[in-house]
Amino acid sequence: MHRLNAWLRRHPMVVDSAWALPVLMLGVLSAVESTGLPDAPMPSWKHYTGIVVALVLPALMVVRRRWPDATTAAAVAIGLGQVAFGIDPGGSSIAFLVFGYTGAAFGHAWTSRLALAASLAAGPLTLWRLTPADQRGDGYKALFLAALMTTPFVLCWAWGRLTRVRRAYLVELEDRAARLERERDAKAQVAVAAERARIARELHDVVAHNVSVMIVQADGAAYVLDASPQQAKEALGTIASTGRQALAEMRRLLGVLRTADTTGEYVPQPGVEELPDLLEQVRRAGLQVDYRATGEVRELPRGLELTVYRIVQEALTNVRKHGGPDARARVAVDFRDGDLEVLIEDDGRGSTREQLSGGTDGLGHGLIGMRERVGMVSGSLDVGPRPGGGFRIRAVLPLKASR
């Protein structure tokens, strides 16, 4: 049934032909019946004109939705011609109701107004020209008959107008649904891109930090394996613990891709309270780091704490990679009234081109991810060479959202 309705909507002439067939039969039968009456006069030009009208009106009905303006205007002209020349209406005159509907539902504005004017005039004109005087009456009776004959035409016009309004409303709803669907798809794409960027930043921080620690410890263990087995054993233990930490962070990170009911298995995101553990890990890897926290230490939003942790982690990773063998670092976290300042300085060899602008094959994108993290919390980031040598990273993160 649904396919049949869809096919009929795509082929309106089939439906209109089905409606036109009964009108054609009524018109032909009324013409033949009027000719076959015993007291019927000899056929005149009016009779033959009535037969032509009985054939033309159904034909116009077939194409009324393809050419609503032309067919409505032609029907109005035929109706006025019948009134002007006194041609008695036959069974096909019911088609005029259809064209009143057609002009209001499918035609332009002028066609709708023409159909309304013709509908209002149909009753009075028919009563005046085509109704015998003895049946017409006078005064209130004539007005009542005129209104009664006009009412079907006006109702058909109103029905057509309602159909036009409803069709326009449905088109608007379809357009709105399509627009909302496009906006939803666009937002989904933006959300996917943002999530991919976030996961890429997390992967970079986890891999760059932990793997670099493991490489340093592995190189040191290989160097002292023969001379100092105990020191090599300690380095291997550091590699194992760092690997387990990296694996735990990877599991937590990949947990965001799972369903909501499984994310509870994973540990929380690292924050400011995990900074001492991070610094101890860095010290075991051979980098001397001083840490200081000033101001009133207070709880921060998890997103802000993760940003602080990743900034420090990435900065210390860069010191190990670019600072040189004798570099020292200093980490300072200052809790102020309106913001949080994170300062990481080192006295190493300073910046490199890859560190500042980003290198190839994924190298040197740590500062880019750092800027993205700071931008997500509406903070500011200042990176560059340190006066007197070394490198300096300063991030200022607003705390208004945490109050």
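Here, residue 1 is the first one in the sequence, and each next residue gets the next number.
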Which atom names give the shortest non-hydrogen contact between [X] and [Y], and what distance separates them?
X	Y	result
Ala329	Leu316	CB-CD2, 4.0 Å
Ile344	Ala315	CG2-CB, 3.6 Å
Leu397	Thr307	CD1-CG2, 4.2 Å
Gly123	Met149	CA-CB, 3.8 Å
Ala221	Ala232	O-CB, 3.8 Å
Leu97	Cys156	O-CB, 3.5 Å

Nearest-0.5 Å distance that lies between atom CG in Leu300 and atom CD in Glu305: 5.0 Å
field: Gap between atom OG of Ser380 and atom CZ of Arg371 - 0.5 Å precision
entry: 10.5 Å
query: Gln281 and Arg284: side-chain donor and acceptor closer than 3.5 Å?
result: no
For [X], is the [atom1] atom crowded, meaning more than 12 foreign heavy atoms sit under 6.0 Å from it?
X	atom1	value
Glu183	CD	yes
Ile94	CD1	no
Arg283	CZ	yes
Trp19	CH2	no
Asp175	CG	yes

statement: Checking Arg392, Arg292, Arg328 against Glu345 for salt bridge (Lys or Arg N to Asp or Glu O under 4.0 Å), the one that qualifies is Arg392
query: Below 4.5 Å, heavy atoms only, C-beta onward: do Val383 and Phe391 meet side chain to side chain?
result: yes
- prompt: Is there a side-chain contact between Val333 and Leu340, using heavy atoms and a 4.5 Å cut-off?
  reply: yes
task: State plainly whether the residues Asp347 and Arg386 are in salt-bridge range, i.e. N to O under 4.0 Å.
output: no
Arg394 (side chain) donor-acceptor with Glu341 (main chain) under 3.5 angstrom: no
field: Whether Arg167 side chain and Ala105 backbone form a donor-acceptor pair below 3.5 Å
entry: yes
query: Tyr101 vs Trp159 aromatic rings, parallel, tilted or perpendicular, using cut-offs 30° and 60°?
result: tilted
